[in-house]
Amino acid sequence: MSTKEDLINYDADEMIKQDIDCLWHHLTQHKAFQDREPMVIVEGDGLILKDIRGREYLDAVSGGVWCVNVGYGRESIAEVVYEQLKRMPYYAGTAGNIPTIRFANKLLSLLPRLDKAYFSNSGSEANEKAYKMIRQGFRLKYPDKNKFKILYRDRDYHGTTIAALSSSGQKERREGFGPFVDGFIEFPHACCYRCAFDKTYPGCDIECARVVEEIIEREGPDTVGGLIVEPITAGGGIIPPVQEYYTILQDILRKYDVLLIMDEVVNGFGRTGKMFGHQHYDVDPDIITLAKGLASAYLPLSATAVKKEVFDIFINDPADKMSYFRDISTYGGCAAACAAALESTRIIEDENLCENSRIVGDYMLESLEELREFSVVGDVRGRGLFAGIELVKDKGTKEPASEDFLGGIVADIAAHGVLVGKTSRSLPGLNNTLNLAPALIATKDQIDQIVDAIKKAIEKAGKSVF
Ligand SMILES: Cc1ncc(COP(=O)(O)O)c(C=O)c1O
């Protein structure tokens with residue numbers, strides 16, 4: 001039998017057995033498979049997934065980790081990938097190739113204030129590239145300073161590799177993996193529902209942004225090179241900062257010549273109702289990192305896009321052999337992945353999916369607002385097709401519901417045929433937010449189905465079981 005046939009002809013029991021025997025699942029305690037089968041996904045179309053037992057689900061988190069932005073079953077993406085693989089599968093990123101050149105051009109046309117795109121394979125890697133650009137770049141620019149430190153925000157996540165994890169404000173995600181890389185400094189989150197300063201907007205003077213100036217002064221401005229944030233925090237609990245937040249933050253960063261990296265890995269490519277999450281704010285990032293929706297996860301691809309001022313630091317006399325950006329990524333910007341990204345982006349534009357994300361997203365948020373009538377629903381937050389529902393034991397004290405309680409709710413929603421996400425072993429005592437990020441093609445009917453399943457699960461869980 002050919003490999004092609006193997007992909008579509010299989011014995012379900014045998015596949016499950018081999019899965020348990022051979023495959024190490026991400027973020028999974030394998031002992032659980034003594035009591036239950038692993039989920040094996042075999043087909044997808046639009047928002048609908050089918051598992052190996054023939055069960056169908058409405059996927060409300062775009063591939064589990066908010067990335068299949070254009071939905072499943074896009075043959076046109078498969079076709080461009082096939083054409084490109086036949087023509088030329090690979091050559092190193094020291095050379096250009098047609099889809100990579102075209103996609104860099106397309107990406108920068110969508111981000112007109114940025115000037116160069118550097119490709120890699122994952123969100124973690126895109127962020128690592130940004131850190132390396134800042135460390136090496138500032139050493140070239142200011143040989144007498146050492147602006148190597150990067151500030152990161154509590155509750156934000158920037159990836160799984162050690163430097164990306166060193167810059168992630170999710171203590172449970174980090175646990176067990178230290179020691180971490182030097183030079184990554186945390187600053188407070190921007191979640192109004194649990195204000196780090198016990199204040200209330202708008203009387204708070206946006207202290208969560210202003211405090212960054214004190215931190216830069218404390219660390220020493222000549223040692224701080226960058227600050228990374230997700231425009232709207234994703235895995236840390238879907239947190240859109242207030243409108244003035246980024247303007248204040250950027251003014252501080254400019255004063256100290258600190259570069260602003262915006263991690264659009266989740267927000268980017270329509271998720272929040274605009275092409276990029278930062279476009280909701282008056283802010284002008286120096287570096288933007290992208291992955292996930294970049295190629296709608298049809299193939300792995302990430303990008304670190306930078307302003308001319310950043311790129312130009314690396315334009316020097318070729319005789320100085322150390323002054324170009326000395327970084328490589330074997331698969332970064334692979335031809336077929338860029339072809340997939342070009343086609344995914346064409347779909348987002350031609351089908352007006354940012355607009356759909358905004359309109360259907362507003363509808364989703366309005367429908368979720370109604371859940372506030374339940375005693376366990378403490379807060380509802382989001383933008384576009386990107387929303388979080390924070391569950392609490394007590395609305396008055398805001399005591400968070402337990403992660404087990406959320407686990408039960410998520411399982412019950414799945415039993416109603418809908419897959420939703422949750423903050424998962426990320427924030428100690430605060431893994432209490434359900435996450436929604438359906439594909440950008442979602443319809444209002446599908447949103448009704450998702451909200452209805454959540455409502456039923458919360459009703460079933462009752463008021464007292466935590
Ligand atoms: C905001 C953000 N940045 C970076 C990453 C890391 O991306 P990857 O898993 O592709 O390395 C993630 C992953 O979920 C993310 O949510």
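Residue numbers run from 1 in the order of the sequence given. Every number for a ligand or one of its atoms is a count from 1 in the order of the listing.
- When heavy-atom distances to ligand 1 are checked against a 4.0 Å cut-off, Ala291 has no atom that comes that close, whether in backbone or side chain.
- Phe184 has its ring centre no less than 6.0 Å from the ring centre of Tyr152.
- Using a 4.0 Å cut-off between heavy atoms, Ala234 makes no contact with ligand 1 at all.
- Residue Asp263 places a heavy atom under 4.0 Å from ligand 1.
- For ligand 1, none of its N or O atoms has an N or O atom of Thr160 under 3.5 Å away.
- What sits closest to atom 15 (C) of ligand 1 on the protein, heavy atoms only, is Tyr157 CD2, 3.7 Å.
- Side-chain atoms of Asp19 and His25 include a donor-acceptor pair closer than 3.5 Å.
- Between Phe276 and Phe269, the distance separating the two ring centers is shorter than 6.0 angstrom.
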Give the intermediate values and the outcome of salt bridge (Lys or Arg N to Asp or Glu O under 4.0 Å) for residues Lys171 and Glu186.
CA-CA 11 Å; Lys171 290 174 188 62; Glu186 187 172 288; 3.3 Å; yes
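- Not a single N or O atom of Glu230, backbone or side chain, sits closer than 3.5 Å to an N or O atom of ligand 1.
- Summary of contacts: the protein heavy atom closest to atom 16 (O) of ligand 1 is Val266 CG2, 3.2 Å.
- Results of the side chain to side chain contact (heavy atoms under 4.5 Å, CB included) test with Leu259 over Ile228, Asp286, Val306 single out Asp286 as the only residue that passes.
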